[in-house]
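Structure first, then comments.
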Amino acid sequence: MPTEKKISSASDCINSMVEGSELKKVRSNSRIYHRYFLLDADMQSLRWEPSKKDLEKAKIDIKSIKEVRTGKNTDIFRSNGISDQISEDCAFSVIYGENYESLDLVANSADVANIWVTGLRYLISYGKHTLDMLESSQDNMRTSWVSQMFSEMDVDNVGHITLCNAVQCIRNLNPGLKTSKIELKFKELHKSKDKAGTEVTKEEFVEVFHELCTRPEIYFLLVQFSSNKEFLDTKDLMMFLEAEQGVAHINEEISLEIIHKYEPSKEGQEKGWLSIDGFTNYLMSPDCYIFDPEHKKVCQDMKQPLSHYFINSSHNTYLIEDQFRGPSDITGYIRALKMGCRSVELDVWDGPDNEPVIYTGHTMTSQIVFRSVIDIINKYAFFASEYPLILCLENHCSIKQQKVMVQHMKKILGDKLYTTSPNVEESYLPSPDVLKGKILIKAKKLSSNCSGVEGDVTDEDEGAEMSQRMGKENAEQLNNVPAKRFQLCKELSELVSICKSVQFKEFQVSFQVQKYWEVCSFNEVLASKYANENPGDFVNYNKRFLARVFPNPMRIDSSNMNPQDFWKCGCQIVAMNFQTPGLMMDLNIGWFRQNGNCGYVLRPAIMREEVSFFSANTKDSVPGVSPQLLHIKIISGQNFPKPKGSGAKGDVVDPYVYVEIHGIPADCAEQRTKTVNQNGDAPIFDESFEFQINLPELAMVRFVVLDDDYIGDEFIGQYTIPFECLQTGYRHVPLQSLTGEVLAHASLFVHVAITNRRGGGKPHKRGLSVRKGKKSREYASLRTLWIKTVDEVFKNAQPPIRDATDLRENMQNAVVSFKELCGLSSVANLMQCMLAVSPRFLGPDNTPLVVLNLSEQYPTMELQGIVPEVLKKIVTTYDTMIQSLKALIENADAVYEKIVYFQKAAMEFHEHLHSIGTKEGLKERKLQKAVESFTWNITILKGQADLLKYAKNETLENLKQIHYAAVSCGLNKPGTENADVQKARRSLEVIPEKENDETGE
């Protein structure tokens, strides 16, 4: 167990700096020098040794330091040839002197870097008063509160309390701490003082509390926003919430509410101050979990056709173990329905006493009575969701027992059964909204020309398939099992309305003859074959028809297929073995969290729109969709339990973290942290990763914590979340066990940022720009159809596409240039930029050297007298950025309308494209290629229009952030701070959404 003293105050940082640290000094041309840096005891200068310079030159006066930057955010870091080998989290720079020179340093760990950054910023803030501030901070609000708690336990006022009471008090305040660890810390303290007995004094209690209940990573974060105080006031907290957490519409009242809710000390609550303990409480609360609470309720459009949704689905729901010998039990249905499952399976066979039973035929699985299952379904059908439940009925019963099935379903389910005949004049299924509270039967149905009371239909028997194929290795044979025929009674057939089971033939046949209410089931092997060989056709098929994919019957152990393999093709009903935990069920459970866990998730627009190009196996960017960059920093972990299968190890854990991206092939990736040895209680990782996400709407992020030195099982915990549900900023990730239960007090602490080349999306979660140089600028290309009239339209659309790209990327480049001059990375937002640069705009007497005129639509910087060249450069770069923002806002609407115009003009040819192509002499393959190119071009046009719309939203957000930050930092020109932001921007409205767009579905 590590014994290093934790950093819990600025005093700890200063003391550590006086002792000194080995740091790497980075110079241009890839030169790196190992030097020992230390703070002079009088705290007046920063020194390093050895050095070729004399001692007086190998130092920097503290009073000459202008700022301390974190990360690789100076010209020297950016131009250094080995910058890629330097950790962003270990790098920092000291900016000093009138010419703003930089001393660029790399620490051996992020912790050491944080100590120097925090200590130096403290010294800059308080200068010669640092000693006084450090002494007074010893009697600070936190110490007073802890001392007060001690006094309340010391009822007899004897100056000490029992070890048992001290341990229990600390554990009550930090439930994740182990009792043994707290006891050990007191005993170590007593041993260091050669103290006998177990009584605990106030000083000892305060020291152990500080040691065990201070998280250094949260302390370093607090002082970043507290102007180097030991607490956050309401304005500090507002700035943190707005700039880092992306919380909109923050005011002092909301800050006070948070302080009153999470600050433990009475003094802090009365003064409106949030201490390190209150800040920790807040960051660990559900308010700061990584999952966006907006997605905890139904938040998607539920009025689309049923085929436009992914549907949470269970396979052989009655089984609770394996597929061949396992028991059948009604608890399988209860569990699945409580988890939000909207498609359950019933394999029904003739049973004794004229009562149908459910089990897997031709296997040794046990049986349960059909009627009892229908009772359970009736009770729990809408327990977790009000949206329609699909009963996948595999009927193997005689006519006699089929009639018994009908009687039970009608009597028990009653009006919940949806039996309305499909409207032949429509083209799509009803929506989940229309079908609320209804149960749909998916099963075989007699053809409309069958006049008798019963008829002949094919039987799809998974159990027979499995028993026939056991021991055979060639999975392709599974596709050729002949379907036998059986008799179906009319009464059961009449219960089937819009989910009629039919056998799939091939895509071109289905496009011609399949009815929208007919559903095909695909064996996993066959579905994989189509996904690999006909990815485009599979996606287009699923735009109109429901497709159910069930596991390979050879999965006798109830293992699961990867649902993402079939979601990427648009398959709606991917049936999972809910009884088998692991990665695949983690993905399924995580995926369906994103819409209030209602069992339905709206598919991406590119997979729904009639004219859109998308291939499920794309290993590149998706046409019309701008890639997003996901930046994740794994900061620390808390209270990791040991793996369940590692009893021989004792309590020692050596954790490391995998971050996995699951989605289309182009997005699948994983990265891991280093291992932290022998620390499962509070490991510090401090590692940053970056992932490119090409189709965000289909991507998921999975955090997995593993034990590196395991005996037996290595799994500690995991959490899986859809990309669209991520909250940016500093977040805790609550870990779950292998079976999905929340692990008490176990979590990861992370920082999340999302940058992109398009902007837009959810406010405060998207819209951070990444620069793309002009030399590498690529314009979206439109394909030639070799149909003259249509190609002419697309040719005329090319100039506005180029204009849109130039507007977007000029803006993004200008924003990133400004961020770099502010000393921040591209991950930062403009509010953080303004906060970073504001101290430089203040003169020696704290009068502004630069102010922002907020009276106009576009805030301008105005110089207040003579300023250094480095500040002039910032002002010039800011002006360039504002001009690019202005150009985009004032030209976006016209360019957008041109793109939409050409999109609509091209769509005029869509319905008759085949006949036009034939007249132009195109045949078979060339004609098919022309249709594909047409779809590609329409997708590009729609995507470019969307990207421009998002970019305008991003620009409006940028202007808001500049305005807000200028007022908060007091940099606004006097008399302009109350300018009505909304009134000033009446002409800056976002591009409106198009309703009933003719180019859509």
Side-chain angles (χ1 to χ4, degrees), residues 306-307 343-351 354-358 361 370-371 373-374 377 388-430 435 438-465 481-506 509-510 512-522 544-548 550 573:
L306 203 64
S307 58
S343 173
V344 295
E345 187 173 359
L346 302 87
D347 282 5
V348 194
W349 298 78
D350 281 354
N354 200 33
E355 280 291 348
V357 293
I358 291 177
F370 176 78
R371 184 186 64 241
V373 170
I374 297 300
I377 287 173
L389 173 67
I390 301 172
L391 305 187
C392 294
L393 211 60
E394 287 207 13
N395 168 30
H396 311 282
C397 290
S398 62
I399 293 293
K400 184 179 179 182
Q401 294 209 14
Q402 285 179 37
K403 291 180 179 179
V404 176
M405 289 166 58
V406 173
Q407 289 172 6
H408 289 327
M409 285 192 285
K410 283 186 173 180
K411 181 179 178 183
I412 296 170
L413 302 178
D415 292 341
K416 293 175 185 173
L417 284 171
Y418 184 83
T419 56
T420 305
S421 298
N423 187 339
V424 294
E425 294 181 359
E426 294 180 354
S427 301
Y428 288 95
L429 292 165
L435 296 169
K438 293 297 181 183
I439 294 176
L440 314 179
I441 306 296
K442 175 199 168 289
K444 292 291 181 180
K445 184 177 177 67
L446 295 174
S447 60
S448 56
N449 57 10
C450 179
S451 57
V453 294
E454 58 190 60
D456 205 24
V457 296
T458 57
D459 177 19
E460 296 172 8
D461 187 349
E462 291 178 31
E465 198 175 324
V481 179
K484 64 183 181 181
R485 302 187 71 79
F486 77 104
Q487 294 294 105
L488 176 64
C489 79
K490 190 172 183 181
E491 294 94 327
L492 182 55
S493 176
E494 287 173 346
L495 293 184
V496 180
S497 60
I498 56 172
C499 288
K500 176 186 175 182
S501 293
V502 296
Q503 197 159 19
F504 181 78
K505 304 234 181 320
E506 58 181 65
V509 173
S510 296
Q512 297 297 321
V513 303
Q514 187 171 336
K515 305 294 189 296
Y516 71 84
W517 60 84
E518 293 176 336
V519 183
C520 291
S521 289
F522 298 84
R544 190 174 177 198
F545 308 114
L546 283 176
R548 177 176 178 267
F550 59 89
I573 305 173

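All of these numbers come straight from a predicted model, not from anything done at the bench. Note that these values count all heavy atoms, side chains included, but never hydrogens, waters or copies made by symmetry. Starting from 1, each residue takes its place in the sequence as its number.
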Scanning both residues in full, the closest heavy-atom pair of E426 with Y516 reads O-CE2, 3.2 Å

V348 meets the side chain to side chain contact (heavy atoms under 4.5 Å, CB included) criterion, sequence neighbours left out, with L346, P356, I358, F370, L393, C397, M405

Next on the checklist: Working note: Q402 + E491, criterion side chain to side chain contact (heavy atoms under 4.5 Å, CB included); need CA distance, chi angles, decisive distance, verdict.
Outcome noted: CA-CA 8 Å; Q402 285 179 37; E491 294 94 327; over 6 Å; no

Shortest non-hydrogen pair, L429 vs S307, comes out as CD1-N, 4.2 Å

Do K445 and S501 meet the criterion of a side-chain donor-acceptor pair at a distance under 3.5 Å?
no

Taken in chain and number order and not counting sequence neighbours, the residues that satisfy side-chain hydrogen bond (donor to acceptor under 3.5 Å, both in side chains) with S398 are D350

When every non-hydrogen atom of I441 is compared with those of V496, the smallest separation belongs to O-CG1, 3.7 Å

When rounded to the nearest 0.5 Å, the distance separating CG of L435 from CD1 of I390 is 9.0 Å

**Q.** N395 vs K444, side chain to side chain contact (heavy atoms under 4.5 Å, CB included): CA-CA, chis, key distance, verdict
**A.** CA-CA 8 Å; N395 168 30; K444 292 291 181 180; over 6 Å; no

When rounded to the nearest 0.5 Å, the distance separating CG of L391 from CD1 of I374 is 6.0 Å

So NZ of K438 and CG of L413: to nearest 0.5 Å the spacing works out to 11.0 Å

Residues at least two apart in sequence or cross-chain that pass side chain to side chain contact (heavy atoms under 4.5 Å, CB included) with Q512, listed by chain then number, are none

What one should report as the nearest heavy-atom pair of L546 and C499 is CD1-SG, 4.3 Å

On a heavy-atom basis, the closest approach of P422 and I498 is CB-CG2, 4.2 Å

pair L492-M409: side-chain heavy atoms closer than 4.5 Å: yes

Does any part of the side chain of V424, heavy atoms only, come nearer than 4.5 Å to the side chain of W517, both counted from C-beta? yes

The complete set of side-chain hydrogen bond (donor to acceptor under 3.5 Å, both in side chains) pairs with one or both residues in residues 408-425, sequence neighbours excluded, reads E355-H408, N378-K416

Across all chains, not counting sequence neighbours, the side chain to side chain contact (heavy atoms under 4.5 Å, CB included) partners of V509 are K505, E506, V513

Plane angle bin for W349 and H396 - parallel if under 30°, tilted between 30 and 60°, otherwise perpendicular:
parallel

Q. Run the side chain to side chain contact (heavy atoms under 4.5 Å, CB included) check on F545 and C520 step by step: do they pass?
A. CA-CA 8 Å; F545 308 114; C520 291; over 6 Å; no

Determine, step by step, whether K442 and S521 satisfy the side chain to side chain contact (heavy atoms under 4.5 Å, CB included) criterion, reporting the C-alpha distance in whole Å, the side-chain angles of both residues, the deciding distance to 0.1 Å, and the verdict. CA-CA 10 Å; K442 175 199 168 289; S521 289; 3.3 Å; yes

